[in-house]
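Labels below follow one simple rule: chain letters A, B, ... track the order of the sequence lines, proteins then strands, and each chain is numbered from 1.
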Protein chains: 2
Amino acid sequence: MLTIGTLAKRTGTKVQTIRYYEQIGLLPEPGRSAGGQRRYGDSELDRLSFVRHARQLGFSLDAIRELLDLSDHPDKSCAEADAIARRQLKQVEQRMARLEALRTELQRMVHECSGGHTADCRVLEVLRDHSECLTDHDEIGA
Amino acid sequence: MLTIGTLAKRTGTKVQTIRYYEQIGLLPEPGRSAGGQRRYGDSELDRLSFVRHARQLGFSLDAIRELLDLSDHPDKSCAEADAIARRQLKQVEQRMARLEALRTELQRMVHECSGGHTADCRVLEVLRDHSECLTDHDEIGA
DNA sequence: TTTACACCCTCTAGCTACTGTAGGTTCAAG
DNA sequence: CTTGAACCTACAGTAGCTAGAGGGTGTAAA
């Protein structure tokens, strides 16, 4: 039987995060000690590891909920899990493409800056004049 | 004199977002019509364009605040603006490296999935077994 | 002039995925 | 039996918006 702190250490999660996952129903309510403290077994350890690993791969908590549900029903078709993973892959690829454009523009800004006064700063100039920009006007926060 | 809606359209920003920027002090309080509606001029248009462009490049609102301040003081040294941009570039490069690792693992998951039942799903299996994983145990959400 | 309707106003709450704090209780070692 | 680390609940805060309620304004046509 593990305490919440031990579980946290084993999975690289903060204690609060574990309680949060329980609160939003991602982890089941665990057993308690006589004094009311949470006590975990191996199944909870596995489940939390699954969640953390999926988070590290960038899956949203909603996606993880679906994946957990699929994992709990071994007879269901694999297609759904596959679709979720493909969706995630696509998102990652889109983000990478977007970041690459950003990197290019940032590099340009930085390389062209000569280091004088802000009046002639290339960095600020580029930010001021959107017309020189390579990236377009759509989504922020890729 | 522009209404907030016009300003929003011209800069590709939502009306609410403009009011939000004003609220957190990123944009100055504009003049008002007799009836109390916001009216903007060209300087506000420029300032908002600057903000949006910087946001598109992934700068945080705090970083943008600094950049705006530098932009308002043409005699200051350019070094600070340069440092902010370099910091941002570094962050973008880190995120890209991280996403590349994710992409690799996601591709592996997806390619190895044969499409049967979830019991044998490669996607779920990889998530379950962290030891097969190439990415390490640190930050989430790169 | 009235009326229609798009647009504007403030205020508040909600989103994701946590993280931190306050004020108190439990557990295990010594 | 005492100490101190670890636990408990409950609530507030983070970034950067976004959405909704409930009402007021501005302008153009009838």
**Q** Report yes if a donor N or O on one partner sits less than 3.5 Å from an acceptor N or O on the other, where the partners are the side chain of A:Gln16 and the base of C:dG20; otherwise report no.
**A** yes
**Q** Does the side chain of B:Gln88 come under 3.5 Å of the side chain of B:Arg86 through a donor N or O and an acceptor N or O?
**A** no
**Q** OH of A:Tyr40 versus P of D:dA6: gap in Å, rounded?
**A** 16 Å
**Q** Measuring from the side chain of B:Gln37 (C-beta onward, heavy atoms only), which nucleotide among D:dG26, D:dC8, C:dT19 has the closest atom?
**A** D:dG26
**Q** Reckon B:Arg52 has a side-chain N or O less than 4.0 Å from the OP1 or OP2 of D:dC17?
**A** yes
**Q** Ignoring hydrogens and geometry, is there a side-chain-to-backbone donor-acceptor pair from A:Thr3 to A:Thr6 under 3.5 Å?
**A** yes
**Q** Would you say CG of A:Asp72 has more than 12 non-hydrogen atoms from neighbouring residues, nucleotides or ligands within 6.0 angstrom?
**A** yes
**Q** Does B:Ile24 reach a base, just sugar-phosphate, or nothing at all? Heavy atoms under 4.0 Å.
**A** nothing
**Q** At less than 4.0 Å, is any side-chain N or O atom of B:Thr3 found next to OP1 or OP2 of C:dC8? Yes or no.
**A** yes
**Q** For A:Arg52 and A:Gln56, which I'm curious about, is there any donor-acceptor pair between the side chains at under 3.5 Å?
**A** no
**Q** Do B:Gln94 and B:Arg98 pair up side chain to side chain, a donor and an acceptor below 3.5 Å, judged on atom types alone?
**A** no
**Q** To the nearest 10°, let me know how far the axis at one end of the helix from C:dT1-D:dA30 to C:dG30-D:dC1 is tilted from the axis at the other, five pairs an end.
**A** 10°
**Q** Out of C:dC8, C:dC27, D:dC8, which has the shortest distance to the side chain of A:Arg38?
**A** D:dC8
**Q** From the list C:dT26, D:dC8, C:dC18, which nucleotide is the closest neighbour of the side chain of A:Arg19?
**A** D:dC8
**Q** Can you work out whether B:Ser33 or B:Leu61 has the more 5'-proximal nearest nucleotide on DNA chain D?
**A** B:Leu61
**Q** Specify the separation, in whole Å, of atom CD1 of A:Ile18 and atom C1' of D:dT9.
**A** 16 Å
**Q** Pick the nucleotide of DNA chain D nearest each of A:Arg32 and B:Lys14; which residue has the one closer to the 5' end?
**A** A:Arg32
**Q** Please figure out whether B:Gly36 or A:Tyr20 has its closest DNA chain C nucleotide nearer the 5' end.
**A** B:Gly36
**Q** Check whether any side-chain N or O of B:Tyr21 sits under 4.0 Å from OP1 or OP2 of D:dG16, and answer yes or no.
**A** no
**Q** Would you sort out whether B:Glu105 and A:His53 count as a side-chain contact (heavy atoms from CB on, under 4.5 Å), showing the intermediate values?
**A** CA-CA 11 Å; B:Glu105 205 183 348; A:His53 192 183; 3.3 Å; yes
**Q** Could you tell me the separation between the CD atom of B:Gln23 and the C1' atom of C:dC9, rounded to a whole number of Å?
**A** 14 Å
**Q** Would you say B:Arg19 and B:Arg38 make side-chain contact, with heavy atoms under 4.5 Å?
**A** yes
**Q** What is the distance, to the nearest angstrom, from the NZ atom on A:Lys9 to the P atom on D:dC7?
**A** 7 Å
**Q** Which whole-number value in Å describes the distance from A:Arg55 CZ to C:dC18 C1'?
**A** 9 Å
**Q** Using whole Å, report how far CZ of B:Arg65 lies from C1' of D:dA15.
**A** 12 Å
**Q** Atom CE of B:Met1 and atom P of D:dG26: how far apart are they, to the nearest Å?
**A** 15 Å
**Q** I'd like to know if the side chain of A:Arg47 pairs up with that of A:Tyr21 as donor and acceptor (distance under 3.5 Å, no hydrogens or angles considered).
**A** no
**Q** To the nearest Å, how far apart are A:Glu22 CD and D:dC8 C1'?
**A** 12 Å
